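Report on the structure given below.
Keep in mind that the numbers below use all heavy atoms, side chains included, and drop hydrogens, waters and symmetry copies. As the structure is a prediction and not an experimental result, all values here were calculated from the model.
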Amino acid sequence: TNTSTEVVSDLSITNTVKDEVFICTVIYTLGGSETENVTLKALSATVTADNTTFNSPANVTLTCDYTSSSLTPTFSWSFEGNTIPSVTQSTYTISSSVGTDSGEYACNVNWPTVGTFTTANFVLYIREVLIPTATYYMGRDIVTTTVTCTGYGDAVSGVVWTSLMGTNLTVMTARLQTTNYTHQAELDFQHTLISDTVTCKFIYSADGAEITKGNITLHYIDDSTNLFTASGDWYGYVNSQETFTCNYTTVAGINVTAGLYFHNQSIVTEYPSAVINSSTSGEISWTISSLTDKITNVSASSPLICKVTYSVPGQNNFLQTYTSNSEAFYTREFTLSPPIIYTLSESNDETFWCTAKGDVVALTWNVLGRTDVNENGVSVILDLDNPIKKTARLDITNAIYDETFTCIVTYSLSDGESNTTQLYTLDANIAPSVSGTYILASSDITLTCNITTSIFTPTYKWKMDNVYISNENSSTLALLNA
């Protein structure tokens with residue numbers, strides 16, 4: 001800018017990378033000149049440390065080396081692009097560093113009246129190997145389980161797995177995946193029906209350093225010998241009480257629940273158990289106070305079973321349900337129809353029914369006091385809707401005297417039993433107190449109602465010309481002045 005009295009000259013400097021001195025010279029038209037030196041100081045900073053790679057849990061100090069000047073700067077730090085709160089010094093110390101501290105760090109230096117300078121990223125590697133889940137669980141239904149080790153820091157050239165029980169890990173499937181500064185190592189472990197311990201070793205590429213982590217415990221829950229029992233034999237009677245027991249095998253840290261399942265065709269009745277947190281093996285029992293005929297194994301396709309479920313609180317890698325061998329439990333019931341004491345008029349016919357449920361093999365009738373009943377008089381009928389129900393039919397003709405009939409049931413799981421029904425044949429006739437059926441007018445006569453011998457105490461009513469005679473309720477009827 002040139003006026004009559006003043007000359008102004010500007011010089012723009014960009015991308016200053018070092019200290020420089022600039023000289024401004026003024027030359028006058030009337031002769032002479034003047035010179036002025038301008039010193040430009042380039043302010044910058046870098047992040048340094050003793051090393052770029054450390055093993056956890058080392059204490060690591062990062063230093064922000066900056067250009068010295070007459071200005072007093074302020075500082076802030078960032079990790080992976082995010083400001084680290086409350087750090088305002090030229091040094092940043094990471095105490096007891098861990099693998100997740102690996103990443104890019106930068107220092108921001110702010111000079112008053114000048115501005116803020118951000119350093120290039122300093123990449124820090126913290127080597128560490130962790131086992132996120134130190135205990136794994138296996139059982140007879142788990143073919144494999146995935147064991148996991150996680151490494152941090154600089155590049156990894158490989159991972160070596162070792163089994164303390166001598167399991168051949170060369171046949172296992174191992175994987176190594178790297179994301180930024182995290183290395184995920186997985187091993188699909190085939191259980192060998194025993195508990196085992198494995199270790200993982202990370203080998204770092206830069207210097208061949210090794211870090212081994214263990215021991216990873218693999219608990220094998222052996223329920224191949226799972227026993228399911230009843231309090232006695234595998235049968236009970238309607239309205240009786242029965243206890244069922246399911247055994248389980250476990251170790252510390254596992255929750256055990258169980259369910260007892262009765263299948264009756266399409267109907268399933270479940271009796272669940274409470275959660276048991278036990279470190280030792282044991283048993284779970286259910287007591288059913290009143291059995292019904294619905295609690296019955298009716299076919300091979302609808303068993304009585306026990307299911308034991310194992311789970312680890314807070315872990316989803318182990319949730320197993322083991323089902324016991326199916327058992328046939330029979331609820332027995334034995335009835336007679338007509339009832340155990342029955343009366344029938346003399347010379348009439350009757351059919352008796354004997355019904356048994358449960359583990360019935362055979363039903364037979366034993367007829368005492370009669371010789372004219374042959375095998376054709378007894379037939380066994382199967383209930384097609386209920387394979388465990390059998391009914392034996394007994395046809396009696398021309399009942400002429402008191403008789404005893406016994407139904408005998410034979411079971412498959414124990415000795416049989418029997419029920420007896422007593423048939424009493426009854427007849428009645430009227431006998432006058434004098435011989436003959438004619439008497440003289442105005443005479444007295446007593447009529448007596450005779451019955452066959454019976455254990456029953458009968459009641460009596462009298463009729464004359466089909467009209468009941470009032471207040472006559474004894475076995476005799478006195479007619480006075482007939």
Side-chain angles (χ1 to χ4, degrees), residues 43-69 71-112 115-135 147-162 176-187 197-217 314:
L43 301 179
S44 64
T46 59
V47 177
T48 62
D50 294 340
N51 205 334
T52 59
T53 303
F54 298 85
N55 288 343
S56 175
N59 296 326
V60 179
T61 298
L62 304 179
T63 301
C64 186
D65 291 331
Y66 60 97
T67 304
S68 176
S69 70
L71 300 176
T72 301
T74 58
F75 304 90
S76 64
W77 289 81
S78 64
F79 173 61
E80 293 293 303
N82 299 312
T83 300
I84 303 174
S86 304
V87 180
T88 58
Q89 304 300 318
S90 61
T91 60
Y92 173 51
T93 299
I94 305 171
S95 301
S96 301
S97 63
V98 295
T100 54
D101 291 324
S102 299
E104 297 179 343
Y105 291 83
C107 176
N108 305 300
V109 186
N110 180 269
W111 282 277
T116 300
F117 181 86
T118 300
T119 67
N121 287 328
F122 178 87
V123 180
L124 176 66
Y125 299 105
I126 305 296
R127 293 175 176 176
E128 185 181 25
V129 176
L130 296 178
I131 308 172
T133 302
T135 303
V147 181
T148 303
C149 270
T150 303
Y152 298 92
D154 50 323
V156 172
S157 61
V159 178
V160 177
W161 295 89
T162 304
L176 177 61
Q177 300 175 353
T178 297
T179 303
N180 294 331
Y181 313 100
T182 303
H183 316 289
Q184 193 81 20
E186 295 179 339
L187 174 70
T197 302
V198 298
T199 60
C200 61
K201 177 171 64 177
F202 278 74
I203 304 173
Y204 288 88
S205 304
D207 54 7
E210 300 177 352
I211 298 180
T212 300
K213 193 69 175 182
N215 299 316
I216 306 172
T217 303

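Pairing each heavy atom of A45 with each of T119, the nearest pair is O-CG2, 3.4 Å. The shortest heavy-atom contact between T61 and A49 is O-CB, 3.7 Å. Residues S90 and W77 come closest through the heavy atom pair O-CZ2, 3.4 Å. In terms of heavy-atom proximity, N59 sits nearest to S95 at OD1-CA, 3.3 Å. Nearest heavy atom pair, residue L62 against residue Y105, reads CD1-CG, 3.6 Å.
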Step by step, would you call W161 with V147 a side-chain contact (heavy atoms from CB on, under 4.5 Å)?
CA-CA 10 Å; W161 295 89; V147 181; 3.8 Å; yes
Please lay out, stage by stage, how V109 and C64 fare under the test side-chain contact (heavy atoms from CB on, under 4.5 Å).
CA-CA 8 Å; V109 186; C64 186; 3.5 Å; yes
side-chain contact (heavy atoms from CB on, under 4.5 Å) between F117 and L43, intermediate numbers included
CA-CA 8 Å; F117 181 86; L43 301 179; over 6 Å; no
Hey, mind stepping through D101 and V60 against side-chain contact (heavy atoms from CB on, under 4.5 Å) and telling me if it holds?
CA-CA 10 Å; D101 291 324; V60 179; over 6 Å; no
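Aromatic ring pairs are classed by plane angle as parallel below 30°, tilted from 30° to 60° and perpendicular above 60°; the pair H183 and Y204 is perpendicular.
One distance of note links CD of E128 with CG of N55; it measures 9.5 Å at 0.5 Å rounding. Here the OG atom belonging to S78 is positioned 10.5 Å from the OH atom belonging to Y92, to the nearest 0.5 angstrom. To the nearest 0.5 Å, atoms CZ (F75) and OG1 (T116) are separated by 11.5 Å. The distance from atom CG of L187 to atom CG of L176, rounded to the nearest 0.5 Å, is 12.5 Å. With rounding to the nearest 0.5 angstrom, the CZ atom of F202 is 11.5 Å from the NZ atom of K213. Here the straight-line distance linking atom CG of D207 with atom CG of D154 works out to 7.0 Å at 0.5 Å rounding.
The closest side-chain heavy-atom distance from I131 to C149 is below 4.5 Å. Between T52 and V123, the closest side-chain pair of non-hydrogen atoms is not below 4.5 Å. Two residues are said to be in side-chain contact when any heavy atoms from C-beta on lie closer than 4.5 Å; T212 and T162 fail this criterion.
Heavy-atom contacts from other residues, nucleotides or ligands closer than 6.0 Å to CG of D50 number 12 or fewer. Heavy-atom contacts from other residues, nucleotides or ligands closer than 6.0 Å to OH of Y66 number 12 or fewer.
Under a 3.5 Å cut-off, the side chain of S102 and the backbone N or O of I126 do form a donor-acceptor pair. Looking at T67, its side chain does come within 3.5 Å of a backbone N or O of S44 through a donor-acceptor pair. Judged purely by atom type and a 3.5 angstrom limit, S157 uses its side chain to pair as donor or acceptor with the backbone of I203. The closest donor-acceptor contact from the side chain of E80 to the backbone of E104 lies under 3.5 Å.
Under the 3.5 Å distance criterion, with hydrogens and angles disregarded, no donor-acceptor pair is assigned to the side chains of S56 and S97. In the model, D65 has a side-chain atom that pairs as donor or acceptor with a side-chain atom of T48 under 3.5 Å.
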